[in-house]
Number of protein chains: 2
Amino acid sequence: MSSVKDVAKLAEVSVATVSRVLNQDPTVKTKNRLKVLKAIDELHFSPNILAKNLRKKSSSTIVIVMSSISNPFFADIVKGAQEAIRDSNGYNMIIGTTEWQADTYRNMLRTNQVDGILVISSWANEQTIQDLNAHYPVVMCNEYYENMNLSYVAIDNRKASYDAACELLQRGCKHIVYVAGAKDSSSVKDRLGGFKQALADAGVTFQPHFFVQPKKGREEIGTLLNDMVDRGIPIDGLLTHSDLYAAHILKGMEDRTIHLDRKTGLISFAGTFVTQITSPRISSIVQPAYELGFTSVQLLLRKIKNKEIHKSKQVILNHQLVIRET
Amino acid sequence: MSSVKDVAKLAEVSVATVSRVLNQDPTVKTKNRLKVLKAIDELHFSPNILAKNLRKKSSSTIVIVMSSISNPFFADIVKGAQEAIRDSNGYNMIIGTTEWQADTYRNMLRTNQVDGILVISSWANEQTIQDLNAHYPVVMCNEYYENMNLSYVAIDNRKASYDAACELLQRGCKHIVYVAGAKDSSSVKDRLGGFKQALADAGVTFQPHFFVQPKKGREEIGTLLNDMVDRGIPIDGLLTHSDLYAAHILKGMEDRTIHLDRKTGLISFAGTFVTQITSPRISSIVQPAYELGFTSVQLLLRKIKNKEIHKSKQVILNHQLVIRET
DNA sequence: CTGAAAGCGCTTACAG
DNA sequence: CTGAAAGCGCTTACAG
């Protein structure tokens with residue numbers, strides 16, 4: 001419960017000197033420094049961060065917003081982010097929830113509760129991001145918006161999707177269903193673009209009814225696909241936006257005639273642990289989740305430290321096509 | 001960038017009045033209130049939370065500590081917690097990481113950055129919890145410590161484990177391997193206790209070499225179990241501390257002679273989505289993750305609001321044995 | 001019902 | 001190298 005005042009009194013110096021010791025100001029004479037350190041120790045003093053941030057108008061804290069905490073892919077990104085924070089010496093990170101509105105985050109930034117914001121995936125619309133990005137340090141991870149001088153870290157989703165589609169086409173798949181993500185984010189668009197491109201390059205016509213976008217949740221996929229099977233539409237390949245989609249498809253298809261293996265391929269994004277516990281194990285475009293998080297935080301911290309709000313940088317990390325049992 | 005001072009000037013009242021309007025003080029005359037509200041609107045003012053908390057010595061924020069963000073069971077708990085926070089009108093929640101040391105949390109509590117702490121699972125040792133619990137509002141979720149007047153929410157792990165073991169015994173399993181959690185937490189102990197009790201009640205001797213505790217990570221389980229199989233030790237049932245253990249066992253055993261189905265049973269804790277995407281689907285003790293989180297936050301908020309640091313309450317929620325395909 | 005003033009616990013020009 | 005003082009943006013007794 002002690003404050004700098006108490007420490008100052010005990011150490012027989014001014015509060016200014018205490019503050020200087022706290023902030024490693026080299027001008028403090030060793031003798032005084034030692035006295036202060038001793039007093040701090042005796043009183044079990046530690047500074048009030050609230051007061052410090054209020055005064056300094058900065059918090060050495062970033063907030064990371066995730067659309068869904070239960071997605072294992074995001075969890076891996078967070079691990080990378082944590083590591084970068086640990087390497088940052090002095091910065092902290094809090095995890096915000098999507099429950100909070102954009103206003104909450106804007107306020108946190110405005111009042112210096114946090115110095116910057118890392119947006120993982122598509123939590124907010126373009127307008128919101130643009131608004132935040134104009135005034136505060138923002139980095140997006142995994143998704144992006146064009147034409148707004150935004151810093152982001154992602155993979156080349158178009159290329160990744162193209163690669164996956166080529167793999168399926170090479171296996172001889174002709175009737176490939178594309179299961180898109182629920183929201184119309186950049187990754188959803190880019191991946192669909194890459195998929196179509198691969199078909200076109202292989203001389204295969206893209207059939208609109210092979211495009212499936214479950215807007216209401218994972219359960220819907222099963223229904224949608226089973227409908228297709230029941231209507232006699234042939235399916236000999238699938239490319240899905242997420243591992244969990246793929247896992248649910250695998251389960252949903254189990255008691256149908258369609259059998260998903262290495263011939264009738266199933267490839268998913270993003271290669272989390274989920275792809276390793278299903279039977280068969282799911283082939284996937286593995287995204288460097290850890291690096292995505294790590295690099296994003298590096299970018300954000302650089303922005304904050306160098307006060308480069310209006311300087312943006314884009315980093316594209318490499319993906320990898322890993323063939324497992326589908 | 002405006003402050004109460006700016007608002008006061010524009011509304012032609014004192015900052016005290018502005019503050020009163022901000023805090024819904026009913027004594028402010030309607031005319032003044034309207035003037036203030038208008039000024040707030042015009043200036044796009046919103047209060048600086050840092051300054052407010054510093055002055056009020058409370059933050060209306062709780063922090064939730066999780067041992068692992070990537071565990072789907074914990075993610076479900078967090079969802080419940082979020083819902084309770086939303087119902088709380090006015091409280092916020094931040095998610096802390098295990099990276100932070102106990103000191104960080106103690107400091108957050110001491111300097112009113114947060115009003116209370118919710119500890120999910122076993123993040124800290126008994127001494128740390130006791131220390132925090134003596135001075136600040138603490139609630140534990142999913143785990144507990146005895147003899148320290150601690151509030152917690154959990155299931156009856158002993159009973160749950162007993163139930164699961166009985167199911168296996170009833171199926172005729174004689175050689176049941178028990179795969180314990182890595183840390184020696186209350187749930188790990190209680191579940192082992194329940195398991196042993198069930199064996200005893202059924203007249204089956206507990207064999208120490210049927211107790212497996214992978215301390216180094218999930219990968220170890222496969223090795224440990226395969227060793228047993230290779231040494232000719234018969235296994236006709238398994239009870240595991242987590243869904244992920246079970247999922248990995250299922251994969252690890254695939255190419256062994258042992259086949260895990262509804263006869264040679266496999267039952268896991270806690271029934272997350274993981275148990276539904278494996279083949280076969282894993283039977284499990286389903287824990288009410290959402291309710292665990294929800295109830296924990298309720299308990300914590302009550303403690304904070306009523307300033308009942310030294311009054312503790314324990315809530316035991318019901319578990320459920322769900323038989324799927326193992 | 002309202003305002004002037006003190007204070008939450010820090011940091012930082014400024015003067016010496 | 002150090003201290004007195006101002007100030008970050010709020011809230012809250014206190015007096016009127």
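First the proteins, then the strands, lettered A, B, ... as listed; each starts at 1.
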Practice task
Please give the nucleotide sitting opposite D:dA4 as a Watson-Crick or G-U wobble pair, both distances under 3.5 Å, or none.
Solution key: none
Problem - Approximate separation, where rounding is to 0.5 Å, of A:T128 OG1 and A:Y145 OH - result: 8.0 Å
Handout entry: Test: B:K38 and B:E42 ion pair at under 4.0 Å
Key = yes
Exercise for the section: With heavy atoms under 4.0 Å as the rule, sort B:S19 into base, sugar-phosphate or nothing. Expected result: base
Exercise for the section: Ignoring the backbone of B:V4, work out which of D:dC10, C:dC1, C:dC8 is nearest its side chain. Expected result: D:dC10
Completion exercise
Scanning all shown strands, the Watson-Crick or wobble mate of D:dA13 with both distances under 3.5 Å is none
Handout entry: Sidechain-backbone polar pair: A:T295 side chain, A:E291 backbone, donor-acceptor under 3.5 Å
Key = yes
Practice task
Scan B:N23 against the nucleic acid and name what it touches under 4.0 Å (heavy atoms): base, sugar-phosphate only, or nothing.
Solution key: sugar-phosphate
Practice task
Round to a whole Å and report the spacing from NZ of B:K56 to C1' of C:dG9.
Solution key: 18 Å
Practice task
Determine the contact category for B:V28: base if any of its heavy atoms lies under 4.0 Å from a base atom, sugar-phosphate if only primed atoms, P, OP1 or OP2 are that close, otherwise nothing.
Solution key: sugar-phosphate
Exercise for the section: Figure out the CD/C1' separation between B:E12 and C:dT2, and round it to whole Å. Expected result: 15 Å
Handout entry: C:dG3 OP1/OP2 closer than 4.0 Å to side-chain N/O of B:T17
Key = yes
Practice task
Can you tell me the distance, in whole Å, between the CD atom of A:Q113 and the P atom of C:dC10?
Solution key: 18 Å
Handout entry: Residue B:R55, side-chain heavy atoms: nucleotide from D:dC10, C:dC10, D:dG3 that is nearest
Key = D:dC10
Practice task
Check the side chains of A:S58 and A:N112 for a donor-acceptor pair under 3.5 angstrom, ignoring hydrogens and angles.
Solution key: no
Exercise for the section: Using the closest heavy atom to pick a nucleotide of DNA chain D for each, name whichever of A:V15 or A:K29 lands nearer the 5' end. Expected result: A:K29
Practice task
Please evaluate the base of D:dG3 for a donor-acceptor partner in the side chain of A:R20 within a cut-off of under 3.5 Å?
Solution key: yes
Problem - Between D:dT12 (C1') and B:N53 (CG): distance, integer Å - result: 16 Å
Practice task
Could you please name the option among C:dG9, C:dA4, D:dC10 that lies closest to any side-chain atom of B:P47?
Solution key: D:dC10
Fill in the blank from the handout: Separation of C:dT11 atom C1' from B:L54 atom CG, nearest Å, is 13 Å
Exercise for the section: Scan B:K57 against the nucleic acid and name what it touches under 4.0 Å (heavy atoms): base, sugar-phosphate only, or nothing. Expected result: sugar-phosphate
Problem - N/O (side chain, B:S3) to phosphate O (OP1/OP2, D:dG9) under 4.0 Å - result: no
Problem - For atom CG of B:L50 and atom P of D:dC10, their distance in whole Å - result: 10 Å
Handout entry: N or O in side chain of A:T27 less than 4.0 angstrom from D:dC1 OP1/OP2
Key = no
Problem - A:T272 (side chain) donor-acceptor with A:P72 (main chain) under 3.5 angstrom - result: no
Exercise for the section: Could you check if a side-chain atom of A:I94 sits within less than 4.5 angstrom of a side-chain atom of A:I64, using non-hydrogen atoms only? Expected result: no
Practice task
Between B:A16 and B:R110, just flag the one whose closest nucleotide in DNA chain C comes earlier from the 5' side.
Solution key: B:A16
Practice task
Starting at atom CG of A:L22, determine the distance to atom C1' of C:dT12, rounded to an integer number of angstrom.
Solution key: 14 Å
Problem - Separation of D:dG9 P from A:N112 CG (nearest whole Å) - result: 9 Å
Practice task
Between D:dG3, D:dC10, C:dT11, spot the one nearest the side chain of A:V13, thanks.
Solution key: D:dG3
